[in-house]
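First up is the structure itself, then whatever we jot down about it.
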Amino acid sequence: MVATGESKVQLLLDMLVEGEMLTTEQRERIVALEGQDGRSTLQIIDDERMVDPEQLVVAAGLFMGVPFVNLKRQEIEEEAIQTVPEWICRKFGVVPIRVRDGTVHLAMSDPSDLQQVDEISAILRKPVEAALSMHRDIDEAIDRHYRIGGDIASELRRVQAVAAGPSAKGGDEATAEAIAEAPVVRAIDLLIRQAARDRASDIHIEPQENEVRVRFRIDGILHDVMPLPIAVHSALISRIKIIAGMNIAETRRPQDGQISVRDANRELDVRVATAPSVNGEMAVLRLLDKTFAFRTLPELGFRPEALEAYQQLMKLPFGMVLVSGPTGSGKTTTLYASLNQLDTTARNILTIEDPVEYRFGKINQMQVNVQAGMTFASGLRAAMRLDPDVILVGEIRDQETASTAVQAALTGHLVLSSVHANDAAGVIFRLIDLGVEPFLIASAVGGVIAQRMVRQICPNCAAMAPVLSEERLAYEKEMNEERTEFLYGSGCNYCAQTGYLGRTGIFEVMNITEAIRRLILTGASADDIRAQAAADGTISLWRDGMLKVNDGETTPYEVIRNVFTIS
């Protein structure tokens, strides 16, 4: 007797309960949810996180008598991608794996749905064989493999035709009206969508002698995406300028602008910067995911002791709290997360930023405008007359801003800002370099943090592996522990074979204690201040990074690559 589809589901649930993968209560919840929103049994189990996904797919595959595939490791062949259009994949929740002897092999979340298999086969006019995989893995595989580079190239070929045709207006200079009607409109939209899909923070468009180089910055590293024909460069830059509200006719000086786009039910602000180069104007588009504005301090990667120390600084009624690190180290993200922790009802919070990257409710934000006379220093002076409790200054980069910020901190305001320095102790000497007297620093500064961003090990392909002697010795020197193997990502489809997926912060939180204040007043060296900070319990950037290596979050290579060490 052949079991019906419904009885097969019941038998599968019974097997999972007997194997102690599900509890009886969970089984009853699954039965209650079935049919309510069109989700399959496996999808409900996966969405509710009731069973480990890999254990679930193996058990279900064995029970159904169908092969199962791990899309994190499975190689998906280009011929299969070309054979099955993206709309079919998204409509039916399938992803093609390979084509063999005219048969299309698919991964789907419910291979027992023979009606769906037959429908896909009829559309493709090819026989289909189905294997089992989890629907979440299928969705991610579709996003990874159905890149829109081909669509971009197709649109830009039309741009070339328009630019070369007799109807092109004014020779090389494209008008705003012509560009707005050109296929380049769709090409730019597709480029931004692909960057968002790839988790890119920046899009670099760089004209070369014979082509336009397009690169995405993903997890802090630049990756070549596609070369574009040089003939489309003028139209591409012009379109970007139009939608960013920039001057299309000005090509000899740098410009800044902003775009707002929506992709996959999320809003993105895109900050645009253009500048002339010897081969023409280049542009960088920074993608600002608005969800970053709502991140909290624990989400940034603080270890518990560092988080507690920094949160104590946020409770200061007045004084300066400074965040240091190079460009791209996450200083702004930390400052924004700090604002999210502060009480916006009982406090008046003002920011002076250049530029305002994210918009906050219940916080008053001011934009630097040098041409109008609005600088960090003048904005800070104006802010002090607006009865603030907390002032965030985007960056202290000159003597006037540094002196004004110190005065604000000394007159009863909590001032948050960023400074470029290699470590926490270096911030003190950076302020001295900017002309702030040591006695003012000792009185005004409540605490300093230094930070870096390091790539996280991809959890989908993490495995213990031997490392180079330099990495091993660096870890052993700091941790006093001998190890021959460390957790590394071997590379998989999820991390584009890099072994890394996402980034986290490493932090050095230095409270300005009485002992450190005395050292500042007596003109002590940076080494003396570092030694005192360590005695007071400060964990250095280097050690915090190696602690994250020990926890399996990152690798010794990433710590060495990102942290400036003091010998």
Side-chain angles (χ1 to χ4, degrees), residues 241 243-250 252-260 269-276 283-286 288 290 292-293 318-325 327-328 331-340 342 344 347-420 427 430-431 433-436 440 444-445:
K241 286 183 171 182
I243 59 178
M246 299 155 71
N247 185 353
I248 190 175
E250 178 58 72
R252 296 174 296 176
R253 66 181 180 86
Q255 296 188 64
D256 296 303
Q258 188 113 354
I259 308 168
S260 289
D269 281 337
V270 182
R271 195 175 78 205
V272 180
T274 62
V284 174
L285 286 67
R286 170 155 288 186
L288 304 170
K290 291 185 178 181
F292 271 66
F318 59 87
M320 288 181 72
V321 178
L322 300 173
V323 182
S324 69
T327 300
K331 299 187 298 296
T332 301
T333 302
T334 299
L335 289 172
Y336 281 163
S338 304
L339 292 185
N340 283 329
L342 299 175
T344 57
R347 284 173 161 168
N348 179 22
I349 302 176
L350 300 176
T351 74
I352 306 106
E353 304 172 62
D354 182 24
V356 175
E357 293 187 349
Y358 300 99
R359 306 294 174 87
F360 288 85
K362 300 182 180 180
I363 291 178
N364 302 299
Q365 296 174 269
M366 303 163 66
Q367 169 75 53
V368 167
N369 187 337
V370 177
Q371 292 180 338
M374 175 71 168
T375 64
F376 279 122
S378 63
L380 186 52
R381 285 194 295 271
M384 290 170 64
R385 295 190 290 272
L386 297 174
D387 187 31
D389 297 292
V390 180
I391 306 173
L392 187 152
V393 183
E395 183 181 347
I396 294 177
R397 60 175 69 146
D398 55 57
Q399 181 177 2
E400 185 180 12
T401 305
S403 299
T404 308
V406 167
Q407 291 302 320
L410 291 173
T411 52
H413 308 92
L414 177 60
V415 179
L416 310 179
S417 190
S418 66
V419 178
H420 284 283
V427 172
R430 175 62 179 151
L431 292 177
D433 288 341
L434 289 174
V436 181
L440 291 176
V445 179

If a pair satisfies salt bridge (charged side-chain N to carboxylate O under 4.0 Å, His left out) and one of its residues is in residues 360-380, list it, with sequence neighbours excluded.
none
Minimum heavy-atom distance between Asn247 and Ala249, given as atom pair plus value:
OD1-N, 3.0 Å
Paired with Val445, the side chain to side chain contact (heavy atoms under 4.5 Å, CB included) test is passed by just one of Leu431, Val436, Val321, namely Leu431
Go through the structure and list residues passing side chain to side chain contact (heavy atoms under 4.5 Å, CB included) with Ala244, not counting sequence neighbours.
Met246, Ile259, Val272
Not counting sequence neighbours, which residues clear salt bridge (charged side-chain N to carboxylate O under 4.0 Å, His left out) with Glu353? List them please.
none
For Gln367 and Val356, the nearest pair of non-hydrogen atoms, with its separation, is OE1-N, 3.0 Å
Output the distance between atom OG1 (Thr351) and atom CG (Leu339), rounded to the nearest 0.5 Å.
7.5 Å
Name all residues meeting the side chain to side chain contact (heavy atoms under 4.5 Å, CB included) criterion together with Glu400; count only those two or more places apart in sequence or in a different chain, and write none if there are none.
Ala377, Arg381, Asp398, Thr404
Under the side chain to side chain contact (heavy atoms under 4.5 Å, CB included) test, which residues partner Asp389, sequence neighbours left out?
Arg347, Asn348
Shortest non-hydrogen separation from Phe376 to Ile352 and the atoms involved
CE2-O, 3.3 Å
Which residues satisfy the salt bridge (charged side-chain N to carboxylate O under 4.0 Å, His left out) test with Lys241, sequence neighbours excluded?
Glu281
Using 0.5 Å steps for rounding, measure from the CG atom of Asn364 to the CG atom of Leu392.
12.5 Å
By side chain to side chain donor-acceptor pair (under 3.5 Å), which residues pair with Thr375, not counting sequence neighbours?
Ser378
Could you tell me the separation between the CG atom of Leu342 and the CG atom of Leu416, rounded to the nearest 0.5 Å?
6.5 Å
According to side chain to side chain donor-acceptor pair (under 3.5 Å), who are the partners of Ser338, at least two apart in sequence or on a separate chain?
Tyr310
Side chain to side chain contact (heavy atoms under 4.5 Å, CB included) with Gln399: which residues, sequence neighbours excluded?
Ser403
Just by distance, do the side chain of Gln365 and the backbone of Phe360 share a donor-acceptor pair under 3.5 Å?
yes
Roughly how far, to the nearest 0.5 Å, is the CE atom of Met384 from the CG atom of Leu350?
11.5 Å
Ignoring hydrogens, what is the shortest heavy-atom contact between Ala409 and Val415? Give both atom names and the distance.
N-CG2, 3.8 Å
If you compare all heavy atoms of Ile396 against all heavy atoms of Ala405, which two are closest, and at what distance to 0.1 Å?
CD1-CB, 4.0 Å
Who passes salt bridge (charged side-chain N to carboxylate O under 4.0 Å, His left out) against Arg430, sequence neighbours left out?
none
What are the two closest non-hydrogen atoms of Lys331 and Ser324, and how far apart are they?
CD-C, 3.7 Å
Apply side chain to side chain contact (heavy atoms under 4.5 Å, CB included) to the pair Val427 and Met320, showing each step before the final yes or no.
CA-CA 12 Å; Val427 172; Met320 288 181 72; over 6 Å; no
Arg385 meets the salt bridge (charged side-chain N to carboxylate O under 4.0 Å, His left out) criterion, sequence neighbours left out, with none
Sequence neighbours left out, what pairs pass side-chain hydrogen bond (donor to acceptor under 3.5 Å, both in side chains) with at least one residue falling in residues 409-420?
Glu395-His420, Thr411-His413
Rounded distance [0.5 Å steps], OG1 in Thr274 versus CG in Leu285:
10.0 Å
Rounded to the nearest 0.5 Å, what separation is found between the CZ atom of Arg271 and the CG atom of Leu288?
6.0 Å
